[in-house]
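A short write-up of the structure that comes next.
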Amino acid sequence: MADYTAPVPVPGKNMGKADARIEGREKVTGATQYASDFPVSNPAFAYLVTSAIANGKIRGFDLKAAKAMPGVVEIFTHENAPKREDAGFFAEGGYVTTGFDPLGSAEVKFAGQIIGVVVAETYEVARDAAHRIVVDYAPGDPSASLESRGTETVDAAKVAKGWKDKTAGDFDKAWDSAEVKIEAGYTTPTQHHNPIELFTTTAVWHGDELTIYEPSQFVWGLKNGVAKQLDVDPAKVTVIAPFVGGAFGSKGMMTPRTGIIAAVARAIHRPVKFVATRTQGFTVSTYRAETRHAIKLGADKSGKLTALSHDGWELTSRTDDYKVGGTEATTQMYAIPNVTSKVHIVRADRSTPGFMRSPPEVPYMFALECAIDEMAEKCGIDPVEFRQINDTMKSPVSGDRFTSRHLVECFDAASEAFGWSKRNPKVGSMRNGDWLVGYGCASTCYPANTMPATARVRLSPDGHARVQIAAHDVGTGATTIMGQVVAEAFDIPLSQVNVEMGDSRLPPGPVAGGSMTTASAGSAVKAACDKVIAKFGNRLPTGDALAAAFKKMNTGVVEEYAEWAPPKTSGGVAKLYEGHMAGGSDSPTPILAYAYGAEFVEVHIHSRTKEIRVPRITGAFAGGRIMNPRTARSQLMGGLIWGVSSALHEATEIDEKRARYVNDNIAEYLIPVNADIRSVEVILVPEVDDQVPMGAKGLGELGNVGTNAAVANAVYHATGQRIRELPITIDKLIA
Ligand code: MOS
């Protein structure tokens with residue numbers, strides 16, 4: 001068998017070449033220009049004033065000391081903020097992460113809300129002046145989190161557009177007659193994106209034309225959203241972000257800062273540069289909502305699951321009903337005929353949450369995969385075997401067949417590589433000196449999402465090609481993948497393909513979210529290539545014959561534009577041009593397609609100090625065609641590492657009284673470092689699926705799901721302690 005785990009994996013069946021990243025050298029040598037690196041002429045620098053209270057009103061500002069500082073250009077508050085139109089909450093058909101305008105009135109809805117902008121000749125002056133502003137607040141009594149007083153709980157099905165709770169069969173009856181039952185609650189905390197590249201916006205006006213430099217996972221969404229807010233023709237707005245230094249969902253939808261900075265630049269007749277501080281990043285962008293789960297699992301004595309009830313509670317703001325909604329995944333994961341589920345949204349005095357890598361699956365699959373482990377144990381069945389017993393090739397909710405599903409094969413491959421057979425199932429039985437040893441596993445899944453895309457491809461007589469698409473490489477390898485699609489179609493070396501992305505002057509591509517770039521953007525690029533090849537009578541010559549063919553056609557280059565949309569997409573490409581995420585997860589999925597995987601971890605827990613270590617992780621994944629085993633491996637490895645982070649490290653701590661974040665910096669917001677991560681093994685299980693576009697299911701988020709549960713299950717195996725609340729920290733093991 002090929003060694004898929006090597007840094008440059010040997011491609012297996014149905015896998016593309018393991019090419020290195022096209023832009024890799026540029027990135028590691030520092031040659032790449034990120035959005036805020038672009039030079040603009042005579043910029044002013046903006047610094048945000050953010051609210052110290054979480055709810056209440058602003059009575060007034062004392063701006064005297066700030067205004068007196070030499071170099072201050074202007075100070076904007078709600079009292080004199082340049083007017084902006086409402087571009088709407090994205091989940092309700094708008095563009096923005098929130099429908100609330102933070103600078104629209106004296107109202108304060110969350111701590112860290114933008115309540116002012118200082119513009120100055122230098123960043124330092126703007127910052128200094130901002131800190132000299134005195135704000136007079138009339139504070140309220142905020143609700144910080146899910147268990148806080150004063151929150152308001154509503155059914156997602158009543159308030160979140162398009163959401164339906166999933167049910168099947170007769171849960172109550174099945175639950176009553178179940179021979180083995182598990183009932184447990186699970187908790188996941190607030191988590192914050194901390195991409196290395198901060199949240200930045202640079203706005204430059206030339207007459208009525210606006211150019212925005214901002215790291216974005218969706219430049220066409222940003223372009224249209226800003227145009228709407230500033231009441232200008234979208235054709236006059238350009239968004240440029242060729243490179244993105246990490247995003248994970250936080251740069252997917254437009255945040256309120258963009259329109260504010262662009263409006264400020266228009267008001268002062270000068271380019272404005274803005275870079276949020278690390279701390280401001282915690283409230284100017286979105287975050288992963290904290291969740292609670294109530295799970296009931298019923299099974300018969302042979303280990304066949306008969307009943308599942310999954311209730312989820314998710315935090316949101318007072319202003320927007322953001323829904324995570326992961327029961328779509330958990331209710332379709334196993335062959336459970338009787339299902340009930342409900343998603344509850346809890347409104348508190350916080351900013352609106354949003355996408356964060358593998359948004360619904362990370363918290364929801366944590367709950368399910370822990371409960372499955374508990375149930376397997378109660379049935380006296382090995383957890384790997386238990387998942388195999390309950391495997392299904394169709395959704396128990398809709399009855400639809402999965403286009404392909406190789407979960408069992410993933411468990412076989414990963415358990416063998418991991419050495420699962422060496423596990424003594426008895427809890428607390430494995431030791432290594434002073435350290436308790438635990439083995440745990442969990443499933444992962446992620447839907448094969450798609451949305452419309454367009455692309456332009458040019459072929460020259462010398463066999464060089466150029467592909468243009470406003471898709472995005474947020475560190476995933478998408479640039480290389482798009483190049484490979486062209487290289488394969490034209491049968492030319494990748495080095496002869498020039499890839500242009502991340503710029504709204506290019507044909508619109510999908511949001512770089514939901515793991516859908518490969519399938520969606522790839523399909524548009526492939527369609528454009530096919531149109532080019534069609535110009536040559538569907539037989540593209542190579543080498544000298546290609547040049548001769550161009551001569552015969554009497555043409556300089558051949559260039560074609562193509563559109564692609566998933567079947568049954570409402571509005572399709574037209575909606576994409578308006579900057580909307582039509583298709584993908586917001587339209588009824590025409591096919592039931594998921595990528596799957598199996599993840600195994602070993603934990604060591606010190607018998608006295610309870611220090612937790614994860615010496616190794618093994619994951620096996622089946623995601624359809626693997627376009628590039630090297631970038632695929634990196635994606636999955638990164639996901640697994642983040643999974644360990646989710647299990648052991650990450651949590652944004654919230655001051656219950658003031659509803660403010662306590663560790664809003666990357667010194668105290670814990671993430672794993674190299675010393676925390678030892679061996680990470682990625683196995684790519686060959687899978688052919690000809691029903692999903694490009695034959696590929698997307699891998700960006702798959703590795704990140706389930707790892708937290710695998711760690712929790714391993715912790716239980718080592719210690720006998722079921723920690724149902726993330727992150728699993730030493731204090732919880734000592735308690
Ligand atoms: Mo990803 S959280 O869908 O950008």
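By convention here, the first residue in the shown sequence is residue 1. Atom set for the values below is all heavy atoms of this structure, side chains included, hydrogens, waters and symmetry mates excluded.
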Residues Arg149 and Asp141 bridged, charged N to O under 4.0 Å: yes
Sidechain N-carboxylate O distance under 4.0 Å for Lys109, Asp349: no
NZ (Lys181) with more than 12 external heavy atoms under 6.0 Å: yes
Any Asp391 side-chain heavy atom under 4.5 Å of Leu407 side chain: yes
Greater than 12 external heavy atoms within 6.0 Å of Glu179's CD: yes
Parallel, tilted or perpendicular, as decided by the 30° and 60° cut-offs, for the rings of Tyr594 and Phe402: perpendicular
Side-chain ion pair, Asp400 and Lys394, N-O less than 4.0 Å: no
Ring centres under 6.0 angstrom apart (Phe418, Phe411): no
Gap separating the OG1 atom of Thr392 from the CD1 atom of Ile336, nearest 0.5 angstrom: 10.0 Å
Thr403 vs Gln691, side-chain hydrogen bond (donor to acceptor under 3.5 Å, both in side chains): CA-CA, chis, key distance, verdict: CA-CA 6 Å; Thr403 56; Gln691 290 175 73; 5.4 Å; no
Presence of salt bridge, Asp311 and Arg292, under 4.0 angstrom: no
Distance-only donor-acceptor check, side chains Glu725 and Thr187, under 3.5 Å: no
Pair Glu290 + Arg350: basic N to acidic O under 4.0 Å: yes
Closest approach of Ser443 to Tyr334 (non-hydrogen atoms, all atoms of both residues): OG-OH, 2.9 Å
CD1 on Ile182 to CG on Leu308, rounded to 0.5 Å: 12.5 Å
Flag side-chain contact, heavy atom, 4.5 Å: Val682 against Phe621: yes
Side-chain touch Ile605/Val437, heavy atoms, less than 4.5 angstrom: no
Sidechain-backbone polar pair: Ser145 side chain, Glu147 backbone, donor-acceptor under 3.5 Å: no
Carboxylate-amine/guanidinium proximity below 4.0 Å for Arg616 and Glu602: yes
With Pro353, the side-chain contact (heavy atoms from CB on, under 4.5 Å) member among Val324, Thr98, Thr316, Thr190: Thr316
Residues Arg722 and Asp373 bridged, charged N to O under 4.0 Å: yes
Residues Lys610 and Asp731 bridged, charged N to O under 4.0 Å: no
Carboxylate-amine/guanidinium proximity below 4.0 Å for Lys173 and Asp170: no
His193 side chain to Phe355 backbone, donor-acceptor under 3.5 Å: yes
Heavy-atom closest pair, residues Gly325 and Val343: CA-CG2, 4.1 Å
Thr707 and Glu599: CA distance, side-chain angles, deciding distance, side-chain hydrogen bond (donor to acceptor under 3.5 Å, both in side chains) verdict: CA-CA 6 Å; Thr707 329; Glu599 299 171 351; 2.9 Å; yes
N-O pairing of Lys164 and Glu328 below 4.0 Å: no
Lys697 side chain vs Tyr596 backbone, donor-acceptor pair below 3.5 Å: no
Parallel, tilted or perpendicular: ring planes of Tyr287 versus His192, cut at 30 and 60 degrees: parallel
